[in-house]
Amino acid sequence: MTDVVVIGAGQAGLSASYFLQRRGVEHVVLDANDSPGGAWLHRWPSLRMRTVHGIHELPGMPFEQPAPDERANEAIPSYFARYEQLFDLPVVRPVNVTQVVNDGSLLKVETSDGVWTTRGLINATGTWRRPFWPHYPGQETFRGRQLHTADYQDPTEFTGKRVVVVGGGASATQLLMELAPFAAETRWVTRHEPVWREGPFTEDYGRWVVGMVEERVRAGLIPRSVVSVTGLALTDQTRAAIASGVLDRKPMFERVTPSGVEWASGERFDADVILWATGFRHDLDHLAPLRLRASGGGIQVDGTRVVSDPRIHLVGYGPSASTIGANRAGRSAVRELMGHLDGLKVAN
């Protein structure tokens, strides 16, 4: 029995643990990875710190900027590891949470390493373990290779290949620009026309973006990603890629054929590889027994609190699914959750 279980030791989970520790709250952090680093452990090896879109330091410990060419999947996990050690956070790993169920007024967290009973739950599982693969007619007939962003390793594996990159997010454009110099030919396809954003990401603009995402989760709808609201940043690199034709967007094809893809117009592109840079879904299946989903398909959340069950807070979900948002969510989740649990103690 513990006061709070935190599921996940990424940015949001570590932030929550830090604020629980400061309050002297008995808690445990259950992490499925073998070592510190959260989703950053699984980023492709060619991702360097110079191309990472910004890392917000964890509360209480500065993030010393690594060298531009240092691998992100080494630099950031190293920072997380030092953070866990500095604050002696109670992280237990590797532990895979299979399900969370009601146990009277308590919650029972069932895992690969036993059962934890708790008064409150902070879920910080992120999205990395749930890559989204859309389905298109003929997909199973393709004779080439299909992979997701989660499987990407290095641009040299596409040397001499004809590659279709599917997706309209930042990862799609980044990977396309990285592999294009090695590939024989590329096509970039998206469901919607990309929206390019110029100018600085100001504080006011940031608040507007968060508000747009938050509006959906308050209504119990499936959250949109922050990037889907902000659009794609126009940088010197993307401008050059647009000018060279690498970022020449084509509409979504209608079907996959054994040798490539085909549009409704009859146009075809013979391909060796289809890279599905189609994003991720929130890793929440272990919460299914609690029946938290609203009719809109998402979980109705006010701030980080699940409206239907105030014992449960989701951090890294909806508007808090960014590095700076995750820190703030960790602090507010702890404050509100402990207020609720302390109120229950008084009432009893």
Side-chain angles (χ1 to χ4, degrees), residues 3-43 47-68 70-95 120-129 201 203 206-207 209-210 213 225-227 280 282-283 303-304 313-338:
D3 280 333
V4 178
V5 168
V6 179
I7 306 177
Q11 182 108 13
L14 293 182
S15 173
S17 181
Y18 169 84
F19 290 111
L20 287 167
Q21 195 91 310
R22 287 186 65 185
R23 282 175 168 256
V25 178
E26 182 182 352
H27 72 286
V28 65
V29 183
L30 306 178
D31 188 47
N33 289 309
D34 292 326
S35 58
W40 290 102
L41 285 168
H42 311 290
R43 301 293 184 187
L47 180 63
R48 306 294 165 163
M49 290 304 299
R50 66 173 176 271
T51 54
V52 171
H53 292 301
I55 298 299
H56 194 76
E57 63 188 32
L58 285 157
M61 180 178 169
F63 178 62
E64 297 178 6
Q65 191 66 34
E70 190 167 348
R71 284 168 52 162
N73 66 2
E74 293 178 350
I76 299 171
S78 175
Y79 171 59
F80 282 15
R82 295 194 304 273
Y83 188 83
E84 289 183 18
Q85 185 175 22
L86 176 64
F87 295 107
D88 193 25
L89 300 181
V91 182
V92 182
R93 62 167 60 90
V95 177
L121 179 74
I122 296 177
N123 191 85
T125 45
T127 61
W128 188 258
R129 297 201 305 173
F201 194 100
E203 189 173 333
R207 280 196 292 267
V209 168
V210 169
V213 178
S225 68
V226 172
V227 171
F280 298 80
H282 286 283
D283 184 10
T304 62
H313 283 250
L314 304 183
V315 293
Y317 180 81
S320 64
S322 64
T323 55
I324 186 168
N327 278 3
R328 291 172 177 168
R331 181 198 295 265
S332 64
V334 168
R335 182 176 59 246
E336 189 168 346
L337 176 59
M338 296 317 299

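For the residue pair R331 and S15, the shortest heavy atom distance occurs at N-OG, 4.2 Å. Listed here is the closest heavy atom pair of V315 and A333: CG1-CB, 3.7 Å. Between V4 and M338 the shortest heavy-atom distance is CG2-SD, 4.0 Å. Counting all heavy atoms, side chain and backbone alike, L41 lies closest to P36 at CD2-O, 3.3 Å. Residue P62 comes nearest to Y79 through the heavy atom pair O-CE1, 3.4 Å, listed as atom of the first residue, atom of the second, then distance.
Side-chain atoms of R93 and D34, non-hydrogen and from C-beta on, never get closer than 4.5 Å to each other. The side-chain heavy atoms of P90 and Q21, taken from C-beta on, include a pair separated by under 4.5 Å. Under the 4.5 Å side-chain criterion, counting only non-hydrogen atoms from C-beta, F19 is not in contact with R335. Counting heavy atoms from C-beta outward, M61 and F87 have side chains that approach closer than 4.5 Å.
Atoms CZ and CD, on R48 and E74 in that order, are 8.0 Å from each other to the nearest 0.5 Å. Note that CG of L20 and CG of L337 are 7.5 Å apart. Values are rounded to the nearest 0.5 Å.
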### Task
Decide yes or no on salt bridge (Lys or Arg N to Asp or Glu O under 4.0 Å) for R82 and E64, but give the supporting numbers first.
CA-CA 12 Å; R82 295 194 304 273; E64 297 178 6; over 6 Å; no
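Ring pair H282/Y317 is tilted by interplanar angle, where 30° to 60° counts as tilted. Under the 30°/60° scheme for interplanar angles, the aromatic rings of H42 and W128 are found to lie parallel.
In terms of modelled atom types and a separation under 3.5 Å, the side chain of D31 and the main chain of A9 share a donor-acceptor contact. A donor-acceptor pair under 3.5 Å is formed between the side chain of T125 and the backbone N or O of D283. Panel note: side chain Y18, backbone L89; no donor-acceptor pair is recorded below 3.5 Å.
The side chain to side chain donor-acceptor pair (under 3.5 Å) search around E336 returns R305, not counting sequence neighbours. For the side chain to side chain donor-acceptor pair (under 3.5 Å) test, residues two or more places apart in sequence or in another chain that qualify with R71 are N73.
If you run side chain to side chain contact (heavy atoms under 4.5 Å, CB included) between F80 and each of L14, N33, V91, only L14 comes through. When each of V25, V29, V28, V334 is tested with S17 by the rule side chain to side chain contact (heavy atoms under 4.5 Å, CB included), just one qualifies, namely V29.
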